[in-house]
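A quick write-up on the structure given underneath.
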Amino acid sequence: MSNLTVQMRSDAGPRSAVRSLLRLWPYVRQVRVRLFLACLLATIASCLGLVMPLVLKWLVDGPLTSGDLSGIWLGGLVLVLLGATEAGIFGVRRWLTARPLADVEASMRESLYGRLQRLPSAFHDRWSSGQLLSRGTADLGQVHAFLAQPLTFLVVNAVTFVAGCVILLEQQWVLGLVLLVPVVPLTVLCSWFQARHVLASRRAQDLEGDLTTLVEESIRGIRVIKGFGRHRSQARAFEKMVFEVRGVELHRARLLASLSGMFVLLPEIAMGTTLALGVVQVADGTLAAGTLVAFLATVLVLRPVVESTGPLLAMCNQAATAVDRYCEIMDEPLPTQDHLPDVGLSAPPRPAALAFENVHFQYPNASMDAPGVLRGVDLRIEPGETMALVGSTGSGKTTLVGLVPRLYEPTAGRITLDGQDIADLPRSQLRTMVAVAFEDPALFSASVMENVLMGGEAATETDGAWALRVAQADGFVHLLPSGRTRRWASRG
Ligand SMILES: Nc1ncnc2c1ncn2[C@@H]1O[C@H](COP(=O)(O)OP(=O)(O)O)[C@@H](O)[C@H]1O
Ligand SMILES: [Mg+2]
């Protein structure tokens, strides 16, 4: 299985985060109006912050210089109102987006689950459970986080930044230009960061999938691990993987720290320079004190906008990786012919003759030159007939049985039920006609009765009780808490 994840990782390569994120559109479409409104409100609120320095300038150059007390009170009141409005708008934004975003996550999760149920057994042979689980949980969480924050705030911040720069340049263009110098090196740094962080995100999220697999298999196989006293080696394997995850996470953190550090350092240097230049100009009498105050206050409003760029970009990359990983499942082709109309679903199963006619089979993931597992099987089983298929391990018994409910499709030849090729039957109909008892029992987190009745939609509780009696399980089953196979399941 690790071969597979390695192969997927090398396929991943560097690609545009924007292109990946655009694939969210079909899911986001339904909530686009609310998202747009929320983004608009946040932009307005953020730009209101830029009005405060202008009020400050008016206060310093006007009422404060002339000692007009009522003017000072008015200015103070306007500042308080601006602050309260900004806070209120941000609150409304949150209220606007909470439900639609939860809906988007739910619908993406539902689509993924539906897809996983319909994808063929050959797909599930190739993918480890942890890689699938982590896509449905952690990755979708990243997508939700992206829609809730970076999607809005990258737009809000860009608009606020441009508006702020216009105000700065308009107040004192020389100081404004000095302040904008860091934009050039920071842009270069961003592309350096993007190239590396996207790869690190992919690796971290793939590893998280591997870790989930390890945990899931250890819990599922706990009896084997205990029975063979393998808990130490299992713990060592876990520790090794945990450290690998830790290493990748640290690498990712270092990249972000470098970027964020520069996003603080360079603007601070530019700010210090403009402050010194501004003070000299005020001393020379070429610049009004109020203008310098307003200039610096505007810079302070823009500071968090600029500093948040690093973390927002990092969240975008993680979300882009999550979308890629999600789409890898959604792009997997579904089995063909499932669109055939379902007929006679309600017809009770009846005995039928089962025949294999020159059936060949090879697993899709087997090497090209390997001989087929089944090579020219001819077999006929009449209604009511019982057949034992005997052979050494690996001779293909389980494979042969798996072809009957079409868990896999024969590579050549055909299988018929009463002369009808099962390839022409919709899978759902075929599976009401044949039933398979597998060697490895799978218990679902439900009541024992629900587990027993899993095999047939039409089966009643009486049938279930009969099956339990035959399996000699009716005694202990009644002693289980609420008759459930897993205690936690009863907590709902
Ligand atoms: N999911 C699979 N993918 C690839 N090869 C498989 C898979 N399952 C079984 N095989 C291979 O097919 C052959 C037949 O296996 P199987 O049908 O399980 O044998 P049996 O049930 O007779 O022990 C073996 O060589 C086995 O390695
Ligand atoms: Mg077998």
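Starting from 1, each residue takes its place in the sequence as its number.
- Within the structure, the ring-ring contact (aromatic ring centres under 6.0 Å, His included) test picks out the following pairs touching residues 401-434 (sequence neighbours left out): Phe361-Tyr408, Tyr363-Tyr408.
- The stretch residues 230-240 participates, sequence neighbours left out, in no salt bridge (charged side-chain N to carboxylate O under 4.0 Å, His left out) pair at all.
- Listed by first then second residue, pairs satisfying salt bridge (charged side-chain N to carboxylate O under 4.0 Å, His left out) with a partner in residues 351-360 read Glu357-Arg414, not counting sequence neighbours.
- Residue pairs that meet the ring-ring contact (aromatic ring centres under 6.0 Å, His included) test with at least one member in residues 202-258, sequence neighbours left out, do not exist here.
- With sequence neighbours excluded, no residue satisfies salt bridge (Lys or Arg N to Asp or Glu O under 4.0 Å) with Asp369.
- Relative to the ring axis of Trp95, Arg34 places its NZ or CZ within 45° and under 6.0 Å from the centre.
- Taking the side chain as every heavy atom from C-beta outward, Gln205 and Ser134 never approach each other to under 4.5 Å.
- Checking Glu208, Met108, Arg325 one by one against Asp139, the side-chain contact (heavy atoms from CB on, under 4.5 Å) holds for a single residue, Arg325.
- Using a 4.0 Å cut-off between a side-chain N of Lys or Arg and a carboxylate O of Asp or Glu, Arg99 and Asp103 do not qualify as a salt bridge.
- Using a 4.5 Å heavy-atom threshold, the side chains of Tyr326 and Val143 count as separate.
- Considering only residues two or more places apart in sequence or on other chains, Arg93 meets the side-chain contact (heavy atoms from CB on, under 4.5 Å) condition with Ala38, Ala42, Phe90, Gln149, Thr152, Phe153.
- Counting only heavy atoms from C-beta outward, the side chains of Leu400 and Leu389 approach each other to under 4.5 Å.
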